[in-house]
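Some notes on the structure that comes next.
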Amino acid sequence: MLSKFALTFFRMSVVIAIKNAAATAIQALYQQNFTADDVSVNITKPEFEGEYTVVVFSFTKFSRLKPEETGKQLGEYLLAHYPALFTGFNVVKGFLNLQIQDQYWIQYLQTAHSNKTVGQQPANGRKVMVEYSSPNTNKPLHLGHLRNNFLGYSVAEIYKANGFEVIKANLVNDRGIHICKSMLAWQMFSHGETPQSSGIKGDHLVGDFYVHFEKVLRDQAEPIISRVLDGNLKDFEGAEKDKIEKLHNATHKPEVQADKEKLAKVQDEIKELSRNKTEIMQQAKIMLQQWEAGNPEVRALWATMNGWVYEGFNKTYQRLGIDFDKMYYESNTYLLGKDLVEEGLRKGVLFRKEDNSVWIDLTADGLDEKLLLRGDGTSVYMTQDLGTARLKYDDYHMEESLYVVADEQNYHFKVLKLILQKLQEPCADGIYHLSYGMVELPHGRMKSREGTVVDADDLIEEMVKTAAEQTEELGKTKGFSEEELRELYETIGLGAMKFFLLKVDPKKKMVFNPEESIDLHGFTGPFIQYSYARIKSILREFSTADLEELTGYSHNTALLPMEKELIMLCEQFNAILLEAQREMSPAVIANYAFLLAQTFNSFYAKKEEGKYIYSVRDAENEDKKKLRLQIAILTANTIKQSLKFMGIAVPERM
RNA sequence: GGACCGGUAGCUCAGCUGGAUAGAGCAGCUGCCUUCUAAGCAGCAGGUCAUUGGUUCGAAUCCAAUCCGGUUCACCA
């Protein structure tokens with residue numbers, strides 16, 4: 001039995017127990033003020049004896065002894081004062097390798113194996129909002145949204161696991177010029193087509209009209225652009241004419257022509273101005289004004305088409321297993337923020353220029369001046385976001401507010417937080433931009449104009465199909481009903497996709513090759529799912545009664561290496577979840593789940609002299625059988641929970 | 001030009017709050033189904049951790065400079 005002392009440590013995880021013990025030892029041995037955080041503890045390298053290693057180099061300045069001597073003193077102290085925790089030690093150079101009592105691991109196993117929600121911490125009374133997904137309603141979801149959705153969902157689940165109350169929020173960009181483009185194209189070219197009449201999913205139908213708009217726009221812009229390049233500026237007048245003239249002249253300057261990048265930039269600007277001059281673009285702008293003025297016809301069309309899109313999005317969300325607690329719509333929030341600006345002016349944080357526009361000066365913080373209200377009193381993106389930040393806080397009073405948004409908006413969020421801090425908004429300090437890298441194709445970014453955008457629904461369908469093909473190829477469909485197979489393929493296909501997008505550190509950009517389908521072998525979701533299913537298959541060898549009477553065995557023989565290794569790994573789960581939350585990175589869990597599955601697979605297959613030495617069913621005695629059953633159950637539960645926090649389901653058989 | 005991010009095996013990535021001989025997966029090569037599920041296991045091969053300098057007992061990890069790639073610096077969202 002463990003001492004009361006050791007039991008206290010037991011609840012904190014063994015690494016923390018070791019750190020505390022080591023810090024206490026340093027204080028006692030060398031009369032130094034030393035905290036547990038100053039102790040560096042690593043997992044012992046496999047070539048040395050022991051489970052955890054304390055690095056002692058930094059203690060030598062207190063001990064005034066060689067690292068080896070210091071390690072020996074510390075080891076002896078720990079062994080003498082914590083006999084319930086340590087059973088032995090050895091010192092190699094400055095590394096103190098500690099051997100942990102088997103009883104410690106067994107104790108963890110006994111308590112944890114029956115816990116179906118292992119990893120889940122009790123409520124901590126703190127609240128966090130995670131805003132993610134945030135789609136535009138003019139196009140269907142694509143690969144980039146998938147990374148965003150999976151990331152947001154997973155981080156929210158990780159916070160929940162650590163005891164937070166979480167509000168998953170979705171701020172839908174449901175208004176603006178881009179939606180008017182789809183609407184206008186529908187009016188002009190659809191002949192009244194609807195999702196019902198065409199059989200096309202609503203978000204895709206609306207997206208098709210957006211593409212149609214862009215095509216017409218391109219056709220109309222082309223002659224204007226060539227006229228400008230020829231020096232004919234008849235399409236422009238007034239200030240615009242001056243501007244385009246300047247740009248046109250610039251294209252002939254030798255220094256611009258020599259700098260390809262600069263030339264491309266000037267030409268892009270000419271194109272953009274020309275596109276604005278097209279008839280169809282003018283119409284779209286008129287429609288936007290009508291929308292803002294509340295024109296009933298425009299509003300009705302807008303509501304109808306957005307309705308189609310939501311229907312489509314909801315199908316996709318449902319299939320992905322993504323959900324939200326709170327929806328925000330930009331059509332309701334885009335006017336917010338003006339009162340914040342008024343208050344800012346009164347406080348003297350903001351200032352007004354001659355043309356009546358309102359700005360904040362951030363040059364002291366190494367940034368620029370930032371516009372918050374145009375001269376005509378209308379607001380910009382930033383103003384809206386300021387207002388929405390306050391709205392969210394008024395709604396929930398959360399301590400933390402995460403925004404899952406791609407890293408191209410790093411500057412925006414830096415400025416957003418800074419302005420809120422200067423305005424002394426209570427929400428300011430809790431704002432965190434969970435910035436993630438773009439998903440790129442082998443040849444660079446996805447570009448809608450080049451038609452290289454990977455559609456989310458297509459990709460899901462393809463992955464599920466791949467899962468079906470592989471399952472059939474392996475001849476693993478026996479004993480499943482049609483319905484069960486469909487469900488299995490969803491689980492595997494989505495598992496592969498989610499794991500693929502979550503296994504990489506969020507802040508790094510990543511590459512997706514649409515030519516190769518996502519792998520189902522190696523460091524993948526299906527590998528881990530398979531490992532889980534195999535454990536379940538082992539457990540099916542036993543009756544429910546067998547599985548329920550596992551405690552109370554006497555354990556006299558020492559734990560074998562891989563038995564111990566698996567329990568140790570499982571014991572690290574809580575620490576992993578904390579790290580994943582601190583880093584806001586599901587990748588931490590992905591790596592852990594893979595390691596755990598891989599370790600169990602080795603355990604399962606380990607053979608000596610033709611015998612499976614870790615066999616559960618054919619264990620050498622009843623006690624070992626019970627022990628290994630507990631290990632199998634604990635491992636399965638830990639794998640299942642790990643994947644759950646990544647939004648990935650596990651199959652009982654595959 | 002300023003700011004920020006990245007550069008680790010052929011490819012995709014871990015490791016980065018300094019610790020022992022830098023790890024996985026894929027691709028390549030060799031073995032293992034008389035097994036509780038081979039979507040697996042065991043092994044071989046593969047490295048100037050972009051470069052240079054510094055900090056120290058110790059640097060892929062921290063600092064500086066340089067090179068390469070990306071993002072951003074709109075009265076767009």
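Lettering follows sequence order; numbering is per chain, from 1.
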For [X], answer base if it contacts any base atom (sugar-phosphate contacts may also be present), sugar-phosphate if it contacts only those atoms, and nothing otherwise; contact means non-hydrogen atoms under 4.0 Å.
| X | result |
| --- | --- |
| R445(A) | sugar-phosphate |
| V55(A) | base |
| A533(A) | base |
| I535(A) | nothing |
| M510(A) | sugar-phosphate |

[X] side chain: which of [options] is closest?
| X | options | result |
| --- | --- | --- |
| T44(A) | C75(B), A20(B), U17(B) | A20(B) |
| Q409(A) | A77(B), A39(B), U71(B) | A77(B) |
| H521(A) | A20(B), G40(B), C13(B) | G40(B) |
| V504(A) | G40(B), A20(B), A14(B) | A14(B) |
| Y612(A) | A39(B), A20(B), U35(B) | U35(B) |
| E541(A) | C36(B), A39(B), G40(B) | C36(B) |
| I538(A) | C26(B), C36(B), A14(B) | C36(B) |
| R534(A) | A14(B), A39(B), G40(B) | G40(B) |
| N173(A) | U35(B), A77(B), U17(B) | A77(B) |
| W359(A) | A20(B), A77(B), C75(B) | C75(B) |

Query raised in the report: Under 3.5 Å, side chain of T524(A) to main-chain N/O of A496(A), donor-acceptor pair present?
Result: no
Is the number of heavy atoms from other residues, nucleotides or ligands within 6.0 Å of [atom1] ([X]) greater than 12?
| X | atom1 | result |
| --- | --- | --- |
| K353(A) | NZ | yes |
| K417(A) | NZ | yes |
| K606(A) | NZ | no |
| E652(A) | CD | yes |

Rounded to the nearest angstrom, tell me the gap between atom [atom1] in [X] and atom [atom2] in [N].
| X | N | atom1 | atom2 | value |
| --- | --- | --- | --- | --- |
| L595(A) | C13(B) | CG | P | 21 Å |
| E469(A) | A39(B) | CD | P | 17 Å |
| F523(A) | U12(B) | CZ | P | 16 Å |

Distance, [atom1] atom - from [M] to [N], rounded to whole angstrom:
| N | M | atom1 | answer |
| --- | --- | --- | --- |
| A27(B) | A60(B) | P | 31 Å |
| G31(B) | U17(B) | P | 43 Å |
| G6(B) | A50(B) | C1' | 11 Å |
| A64(B) | U21(B) | P | 28 Å |
| A3(B) | A45(B) | C1' | 44 Å |
| C63(B) | C4(B) | P | 12 Å |
| G58(B) | A42(B) | P | 37 Å |
| G47(B) | G7(B) | C1' | 15 Å |

So, is [X] close to the [N] phosphate, meaning a side-chain N or O under 4.0 Å from OP1 or OP2?
| X | N | result |
| --- | --- | --- |
| Y381(A) | A77(B) | no |
| K45(A) | A20(B) | yes |
| Q598(A) | G25(B) | yes |
| S602(A) | A42(B) | yes |
| Y614(A) | C36(B) | no |

Query raised in the report: So which heavy atom on M646(A) is nearest to which on A590(A), and how close?
Result: CE-CB, 3.5 Å
Requested in this report: Return the minimal non-hydrogen interatomic distance between P506(A) and L434(A), and the atom names on each side.
Outcome: CB-CD2, 4.5 Å
Report task. Map R374(A) and A597(A) onto RNA chain B by nearest heavy atom, then report which one ends up closer to the 5' terminus. Result -> A597(A)
Query raised in the report: More 5' along RNA chain B: F594(A) or D355(A), using each one's nearest nucleotide?
Result: F594(A)
Query raised in the report: If we require ring centres under 5.5 Å and near-parallel planes under 30°, does F95(A) stack on A20(B)?
Result: yes
Report summary line: Base orientation of C13(B), chi within 90° of 0 counted as syn, else anti, reads anti
Produce the list of close N/O pairs, under 3.5 Å, pairing protein atoms with atoms of nucleotides 1-8 of chain B; give distances to one decimal.
unit_1: G7(B); atom_1: OP1; unit_2: K508(A); atom_2: NZ; d: 3.4

Query - Criterion ring-ring contact (aromatic ring centres under 6.0 Å, His included) against F95(A), the qualifying member of F57(A), F89(A), F48(A) - result: F57(A)
Query raised in the report: Got V92(A) and T53(A) here, is their nearest side-chain heavy-atom distance under 4.5 Å?
Result: no
Requested in this report: Applying salt bridge (charged side-chain N to carboxylate O under 4.0 Å, His left out), name anything that partners R445(A), two or more places apart in sequence or on another chain.
Outcome: E408(A)
Filtered N/O pairs between nucleotides 56-60 of chain B and protein, under 3.5 Å:
none

[N] base / [X] side chain donor-acceptor hit below 3.5 Å:
| X | N | result |
| --- | --- | --- |
| N97(A) | A20(B) | yes |
| T471(A) | A39(B) | yes |
| T53(A) | A20(B) | yes |

Report task. Verify the distance criterion only: is there a donor paired with an acceptor across the side chains of Y436(A) and N148(A) at less than 3.5 Å? Result -> yes
Report summary line: The residue among R617(A), K625(A), R628(A) that forms salt bridge (Lys or Arg N to Asp or Glu O under 4.0 Å) with E541(A) is R617(A)
Query raised in the report: Mind checking whether Y329(A) and W302(A) have ring centres under 6.0 Å apart?
Result: no
Query raised in the report: In Watson-Crick or G-U wobble terms, both distances under 3.5 Å, what is the partner of C62(B)?
Result: G54(B)
